[in-house]
Amino acid sequence: MERLTRLVLRHKRGVLAGWTVVFVLSGLASTGLSDLLTNRFVLPGTDTHRAEVILEDHFGQRSTGAFTVVARTDGDADALVPEVRAAAARAAEELPTGRLVSTAAATEHVVIAQIVSDLEPADSKGYTDEMREAIGTIEGATVYVTGQAAIEHDLDPVFARDLLRGELIAVPIALLILVFTFGTLAFLVPFVFAVVTIPTALGLVWIFANVFELATYLQNMVTLIGLGIAIDYSLLIVHRFREELRAGFGREDAIVRTMATSGRAVVFSGTAVAIGLALLLLMPLPFLRGFGLGGLIIPTVSVLAALTFLPVVLVLVGERLDSVPLLPRSWLERRTDHERGFWPWLARGIMRRARLVAPLTAAFLLLLAAPVLALEVGPGGNEGIPRDLEAVEGYDVLAATVGAGATAPTNVVVDSGSPGGVEDAGIAAAAAELGRLLADDPQVAAVRFERTAEYVDPTRRYLRLEVVGREDYGAPASREFVDRLRGELVPAASFPASASVYAGGGPPGGSDFLDLTYRAFPWLVLGVLLATFVLLVRAFRSLVLPLKAIVLNLLSIGAAYGLLVIVFKWGAGERIGLIGHDQVEGWIPVMLFAILFGLSMDYEVFLVSRMREEWDRGATNEEAVVLGLTSTGRLVTAAGLIMFAAFTGFMAGSVVGLQQFGLGLAVAVLIDVTIVRALLVPSAMKLFGRWNWWLPAGIARVVRVEPSPLGERRAPLGASGA
């Protein structure tokens, strides 16, 4: 670290020029990133994917790329059918590959027309407005264009509005916290750092987006996590730079000493964040793997910038920015006093009452985590979204008329095995029997199966049955139906051995998504825990501290999961405007773990690295814990509160999925930087005593660090703490 920092400082102009070029090129590239990102959703290797491929290749349509025109009238629906058919035909012409396949009166007051295409919802939704304009108005009727693609189209501006509202709440709060924490113009450093690192990360994402399909919301994640890391690393390094300057060192020596200590912590912290987020890279779902790619890019760019760009900025303008106070000097001077003030008082109080603080805080976290046993994940659905959108109003009419599963039906695709095979008597009889069994199922509202081009392909090898459920595709009853369909109804229909039957569409897709995700998730979590343990053994030179860090991280994440149940499933959040919902959307626990594990480990590395440094200097265990908490407690808490403010912005939204995601992130970070890092970590370390620093010689050789035998004290390493 010292050699690298001195090299960087010797070539200050070259480093700044290099980062300027990278920033400009990345900024230009990232302006085209949005056009490359997509919301396409693929479930490789599943029955749903097989069914979708057959539907696209042989029927020219996708089950999720359809639109439904719903016309409601107070008059006679049969008389309205010709006008609706003509209007829907005009709409189909506006949709590439779109075609009108049916128009009929569903009840005496409702007419429904179905338009199909072979487009993904991510592509077809962009034509919703043109289709609505083509339909125009029909006298005596209210007309809606709905379907999954139309619902996604109408939700996009809601997401954008909610995110903007969240930013308007979070940014001023974060700014105030930064000003209060720094107390000088040095609060600008995190913003300068973020201005360089975030566009650079987005530029790298742009490169990969030209090769792989990456999710739309990856851009938001890179920005959000990038801002959090920029604040974390800037706080830690600027604070340590100030300390070294106050100790009497010149600017360059102060930077070198800062990077040898806090810079080293940043390297381990960034690696820990990358490990947590890289979990997503190994998930079997392409859209989640994209987030894992972003999770590798963000900390990598941030660590490189912290090791090269930040030292140059601090040497050139750090002292000047820090010399302009924004708070009274007396306040700033009191913060440097490690004997008086809130953090010294708290640290010494915890040391005196560690036997009380540790079990009480651990019990509180376990109490918060206990409701996780009632956690129910689902694939999402059309519940918990604003009901005043045109597509959702049409969906509600459709649900009341046909069934809530009408916009995302189940498609049962039969592959007879050879062209003309659907004419086989065995296939025909089995298909008819399956249709009868489906019609008798309590979850089925309607079964559509005719020997027409819509249900039999031109080669007559494939046929399909469209099944409309009574419940929304994400409801538990729909998933139970999928289990019955695949496990009971299809076998009971007795298709010939030459035939293959696949179930795709809404409910099967939701079921397959959950199966794919949660088959892999536990094993990948285990891999992350093991990799993080090895990393922290090297960072902390201890066996006990990494194990403690992992257990406490799991406790804080478990508490966040438990609070999701309390707030949404049990309805505790309804008083503050959060939408009650029985299920947590299936992607949320995965994303929460990946993001929170990395951020929590970020704070752990900052705190414990300073404690380790004081121990190496010759402090006793208690002194090391007190000095570490006193030095970094304010920084960790400030960084956490800024992220808390940023995450609460999601909670201001009107979509239940974003509310759940925002609450999970916000409460976990708040718990982590208050209860866990400020109370449970120091009290546990007091109780562990010298065991904190134990590392047997054999393990030390494996991770290439110096051993710490139990019962022996190291000689102080000197003021550098290196």
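Keep in mind it's a predicted model, so treat the numbers as computed, not measured.
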Kindly indicate, with the supporting measurements, whether the criterion side chain to side chain contact (heavy atoms under 4.5 Å, CB included) is fulfilled by I350 and K686. CA-CA 9 Å; I350 292 172; K686 163 68 174 178; 5.9 Å; no
Using side chain to side chain contact (heavy atoms under 4.5 Å, CB included), reason through Y233 and I229 one step at a time and then give a plain yes or no. CA-CA 6 Å; Y233 295 174; I229 290 177; 3.2 Å; yes
Stepwise, does the side chain to side chain contact (heavy atoms under 4.5 Å, CB included) test hold for L178 with F191? CA-CA 10 Å; L178 274 177; F191 289 103; 3.5 Å; yes
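One distance of note links CG of L25 with CH2 of W206; it measures 10.0 Å at 0.5 Å rounding. Atoms OG1 and CG, from T258 and L310 in turn, are 9.5 Å apart once rounded to the nearest 0.5 Å. Taking OG of S556 as the start and CZ of F597 as the end, the distance is 9.5 Å to the nearest 0.5 Å. Atom CG of L670 is separated from atom CE of M643 by 13.0 Å, given to the nearest 0.5 angstrom. Separating the CG atom in L288 from the CG atom in L281 is a distance of 10.5 Å, to the nearest 0.5 Å. In this structure, CE in M1 is found 4.5 Å from CG in L307, a value given to the nearest 0.5 Å.
A donor-acceptor pair shorter than 3.5 Å cannot be found between the side chains of W694 and S542. Side-chain N/O atoms of T184 and R320 include no donor and acceptor closer than 3.5 Å. With no hydrogens or angles considered, no side-chain donor-acceptor pair links W615 and N621 at under 3.5 Å.
The shortest distance between side-chain heavy atoms of I595 and L277 falls below 4.5 Å. Residues V222 and I297 are not in side-chain contact: their nearest non-hydrogen atoms beyond the backbone lie 4.5 Å or more apart. Side-chain contact between L545 and W693: present, with at least one pair of heavy atoms (C-beta onward) separated by less than 4.5 Å.
Between E613 and R264 there is no salt bridge, since no side-chain N of the basic residue sits under 4.0 Å from a carboxylate O of the acidic one. Ion pairing between E2 and R6 fails under the 4.0 Å rule for side-chain N and carboxylate O. Between K548 and E604, at least one side-chain N (NZ, or NE/NH1/NH2) sits under 4.0 Å from a carboxylate O, which counts as a salt bridge. Salt-bridge formation is detected for the pair D616/R612: a Lys NZ or Arg NE/NH1/NH2 atom is positioned less than 4.0 Å from an Asp or Glu carboxylate oxygen. Ion pairing between E319 and R251 holds under the 4.0 Å rule for side-chain N and carboxylate O.
Shown here for P311 and L9, the closest heavy-atom pair between the two residues is O-CD2, 4.1 Å.
Distance alone, capped at 3.5 Å, is enough to place a donor-acceptor pair between the R634 side chain and the T181 backbone. Judged purely by atom type and a 3.5 angstrom limit, S631 has no side-chain atom pairing as donor or acceptor with the backbone of G628.
Within 6.0 Å of atom CZ in F521, more than 12 heavy atoms from other residues, nucleotides or ligands are found, so the atom counts as buried in its surroundings.
Remark: R257 qualifies as a cation-pi partner of F249 under the 6.0 Å distance and 45° angle criteria applied to the six-membered ring.
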